[in-house]
Amino acid sequence: MDFALSEESEAIFDMARDVGMAEIAPNAREWELQGTIPKELWPKLAQLGFGALYVSEDRGGSDLSRLDATLVFEALSMACPSVAAFLSIHNMCAKMIDTFGSDDLKARYLPDAVTMEKVFSYCLTEPGSGSDAAALKTRAERTNDGYRLTGTKAFISGGGYSDAYIVMARTGEDGPKGVSALIVEDGAEGLSFGGLEDKMGWRSQPTRQVQLDDCPVDAGDLLGDEGHGFTYAMMGLDGGRLNIAACSLGAAQQALDMTLDYMRERKAFGKPIAEFQALQFRLADMEIELQAARTFLRQAAWKLDTGAHDATKFCAMAKKMVTEVGSRTVDQCLQLHGGYGYLADYGIEKLVRDLRVHQILEGTNEIMRMIVARDMLRA
Ligand SMILES: Cc1cc2nc3c(=O)[nH]c(=O)nc-3n(C[C@H](O)[C@H](O)[C@H](O)COP(=O)(O)OP(=O)(O)OC[C@H]3O[C@@H](n4cnc5c(N)ncnc54)[C@H](O)[C@@H]3O)c2cc1C
């Protein structure tokens, strides 16, 4: 058993950290205030292959392993977890198109997804169905040319910002087997958006409802087969969960690094606060938790890469554990900064806000436990 990253993997991590520190970190706070990420950023990341991390090479993608992809998200999150997580959603969509799309669909959408000239959003959640996603009600009625979509998608990251949307909609019976996945491009007739959601964190990413009102979709824009959309949507989520966990890990590591520097400088009672043993123990506890989280996350990624039978369970366990460790760590880092941790200028309070949602999306951490417990009881 070899726990070391290969030289190539180290290089991927370093490349992502460097571009994050150069292109994202200096702007992260400003983008949060503006409530948007400039679209010019994406082609710069795409030039490094980050627009299609696990799209096959013959379609212009990077064809990275899931493990290497987590390194990209861990490293980019050191600059800003909100930007990194948005990139993860686009990559999840690109992978869905590459894996399940017809040759025609791939030829039409993948080139722009790879270069990030087009950014993609993932539309599963609805106002009445989140955790119970298979209860979705958005309908795709058959027409002579394809479908007409009617319904509302809630909490869509990139809603009103992205260039195309993968929409899970009902083409058949109730439940997961009646769901199909369809691509809707920005500007489509009947496509509109709700107001900008005012969120606790992830504020640089615009989140809106996506409304579909008799929105025509060509038959050629059906992704894969009718009735398989829910399976495609769930398959994307295993990797998405690893990425979200990696985003928590990178941001927490960044907060811990910043805290070490701060504690060496900040004095109280005549000495640097780093010299108080009670605080040193807290540093040690954070280090132990973060290292354990990193190892667990990489094991789950390895399971997904090797097609292990329990990969879904491990992705769920890692998502739950790492996102909770991440939030605990950034909260502790804020505490160790004292009052300054509460000030935006110190960069820690943003991480506390950004990481909180990682326990809620890509399946809540309660749902992660449900997946784990079901698997245990089945076994
Ligand atoms: C900032 C943000 C961005 C998002 N981006 C996207 C996106 O891009 N695309 C998208 O499709 N969705 C997106 N979501 C939606 C997200 O995936 C859902 O919010 C999430 O799945 C939870 O659904 P819900 O909010 O409806 O909560 P509910 O499902 O209503 O859950 C409420 C509470 O009940 C718990 N619960 C529910 N069922 C069970 C159960 N069986 N057992 C135990 N506990 C249970 C939940 O864990 C939760 O604590 C986003 C959400 C946020 C906040």
Please determine if [X] and [Y] form a salt bridge, counting it only when a charged side-chain N lies under 4.0 Å from a carboxylate O.
X    : Y    : answer
R139 : E141 : yes
E366 : K320 : no
E362 : R241 : no
D14  : R17  : yes
D354 : R203 : no
R328 : E324 : no
D221 : R108 : yes
R353 : E32  : yes
D375 : R378 : yes

With L149, which of V184, D213, L191 fulfils side-chain contact (heavy atoms from CB on, under 4.5 Å)?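 Between L149 and the candidates, side-chain contact (heavy atoms from CB on, under 4.5 Å) is satisfied uniquely by V184.
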Only one of F86, F120, Y161, F50 passes ring-ring contact (aromatic ring centres under 6.0 Å, His included) with W42, and that residue is F86
Which is it for D63 and S56 under the side chain to side chain donor-acceptor pair (under 3.5 Å) test, yes or no, and what are the steps along the way? CA-CA 5 Å; D63 207 8; S56 45; over 6 Å; no
Mind running side-chain contact (heavy atoms from CB on, under 4.5 Å) on Q209 and F193 for me, showing each step along the way? CA-CA 6 Å; Q209 284 196 345; F193 306 97; over 6 Å; no
If you draw a 6.0 Å radius around [atom1] in [X], do more than 12 non-hydrogen atoms from other residues or ligands fall strictly inside?
X    : atom1 : value
R374 : CZ    : no
M376 : CE    : no
M234 : CE    : yes
K39  : NZ    : yes

Counting C-beta onward and ignoring hydrogens, is there a side-chain heavy-atom pair between [X] and [Y] closer than 4.5 Å?
X    : Y    : answer
Y122 : M168 : yes
L336 : M286 : yes
M263 : H337 : no
P176 : T231 : no
T329 : L290 : yes

For F281 together with F276, are the ring centres under 6.0 Å from each other?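 Ring centroids of F276 and F281 are no less than 6.0 Å from each other.
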Minimum-distance pair of heavy atoms, taken over all atoms of L124 and I156: N-CD1, 4.3 Å
For Y342 and Q335, run side chain to side chain donor-acceptor pair (under 3.5 Å): C-alpha distance rounded to whole Å, both residues' side-chain angles, the deciding distance at 0.1 Å, then the answer. CA-CA 8 Å; Y342 205 68; Q335 186 69 20; over 6 Å; no
Cation over ring, K303 on F314, under 6.0 Å and within 45°? yes
Assess the residue pair L136 and V179 against the criterion (side-chain contact (heavy atoms from CB on, under 4.5 Å)); give the C-alpha distance rounded to whole Å, side-chain angles, the decisive distance to 0.1 Å, and a yes or no. CA-CA 8 Å; L136 65 85; V179 175; 4.1 Å; yes
Check the angle between the aromatic planes of Y232 and F100 and answer parallel, tilted or perpendicular using the 30° and 60° thresholds. parallel
As a quick check of understanding, evaluate side-chain contact (heavy atoms from CB on, under 4.5 Å) for L355 and H358, giving each step before the final call. CA-CA 5 Å; L355 261 51; H358 298 184; 4.0 Å; yes
Given side chain to side chain donor-acceptor pair (under 3.5 Å), test D257 with Q253 step by step and report yes or no. CA-CA 6 Å; D257 294 347; Q253 185 65 58; 3.0 Å; yes
Candidate list E74, E289, E287, test salt bridge (Lys or Arg N to Asp or Glu O under 4.0 Å), partner R294, passing option: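 Answer after filtering E74, E289, E287: E74.
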Any chance you could lay out the side chain to side chain donor-acceptor pair (under 3.5 Å) test for T323 and N365, step after step, and finish with the verdict? CA-CA 9 Å; T323 57; N365 283 5; 3.0 Å; yes
side-chain contact (heavy atoms from CB on, under 4.5 Å) between V55 and N91: does it pass, once the steps are laid out? CA-CA 8 Å; V55 167; N91 271 281; 6.0 Å; no
